[in-house]
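What you are looking at is a predicted structure, and each value in this text was computed from that prediction instead of being measured.
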Amino acid sequence: MFDILFEYFDGTNYICKDVKKIVIPTQSGKVSIQGDEILQYQFRIHSEIYLYSDSRCYTVSCSNLKALEVLKK
């Protein structure tokens with residue numbers, strides 16, 4: 001599981017906890033990233049990102065996104 005921290009240029013932060021899967025829409029369809037692939041993936045996100053845990057589902061806007069930090073638990 002992973003905690004994903006989103007840091008925006010306006011100084012706000014948002015954290016998604018216990019993430020097991022990330023889905024990113026691309027021009028050629030959706031990309032699904034799971035497990036340790038999350039640590040290896042080169043994130044190039046333009047619109048939004050979908051994150052899934054056992055008990056939560058997140059949709060996060062990437063507009064004005066400055067940085068994304070992945071923390072393995």
Original post:
Under the salt bridge (charged side-chain N to carboxylate O under 4.0 Å, His left out) test, which residues partner E37, sequence neighbours left out?
Top reply: none
**OP:** Side-chain contact test, heavy atoms from C-beta onward, threshold under 4.5 Å: evaluate it for F6 versus T12 and give yes or no.
**Re:** no
Subject >> salt bridge (charged side-chain N to carboxylate O under 4.0 Å, His left out) partners for K21, two or more places apart >> reply: none
Original post:
By side-chain contact (heavy atoms from CB on, under 4.5 Å), which residues pair with K30, not counting sequence neighbours?
Top reply: V23
Subject >> Non-hydrogen side-chain atoms of L51 and C57 separated by less than 4.5 Å >> reply: no
Subject >> Transitive ILVMFWY side-chain link L39 to V19, under 4.5 Å >> reply: yes
Original post:
How many angstroms lie between OH in Y50 and SG in C16, if you round to the nearest 0.5 Å?
Top reply: 13.0 Å
**OP:** Enumerate the residue pairs fulfilling salt bridge (Lys or Arg N to Asp or Glu O under 4.0 Å) with a member in residues 55-67, sequence neighbours excluded, ordered by first and then second residue.
**Re:** E7-K66
Subject >> Counterpart residues, side-chain contact (heavy atoms from CB on, under 4.5 Å), relative to D3 (two or more places apart) >> reply: I15, K17, D18, L71, K73
**OP:** State which residue, out of K72, E69, K20, fulfils the side chain to side chain contact (heavy atoms under 4.5 Å, CB included) condition with F2.
**Re:** K72
Subject >> From S47 atom OG to L65 atom CG, the distance as rounded to the nearest 0.5 Å >> reply: 11.5 Å
Subject >> Side chain proximity check, V70 to F43, heavy atoms < 4.5 angstrom >> reply: yes
Subject >> Listed partners of Y8 passing ring pair (Phe, Tyr, Trp, His ring centres under 6.0 Å), at least two apart >> reply: none
Subject >> pair I4-Y58: side-chain heavy atoms closer than 4.5 Å >> reply: no
**OP:** Of all the heavy-atom pairs spanning D10 and N64, show the shortest one and how long it is.
**Re:** N-ND2, 3.7 Å
Subject >> Between OG on residue S63 and CD on residue E48, distance to nearest 0.5 Å >> reply: 10.5 Å
Original post:
If two hydrophobic side chains count as joined below 4.5 Å and joins carry through other members, does L68 share a cluster with Y14?
Top reply: yes
Original post:
Which pair of heavy atoms, one from C62 and one from I49, lies closest together, and at what distance?
Top reply: SG-CG2, 4.0 Å
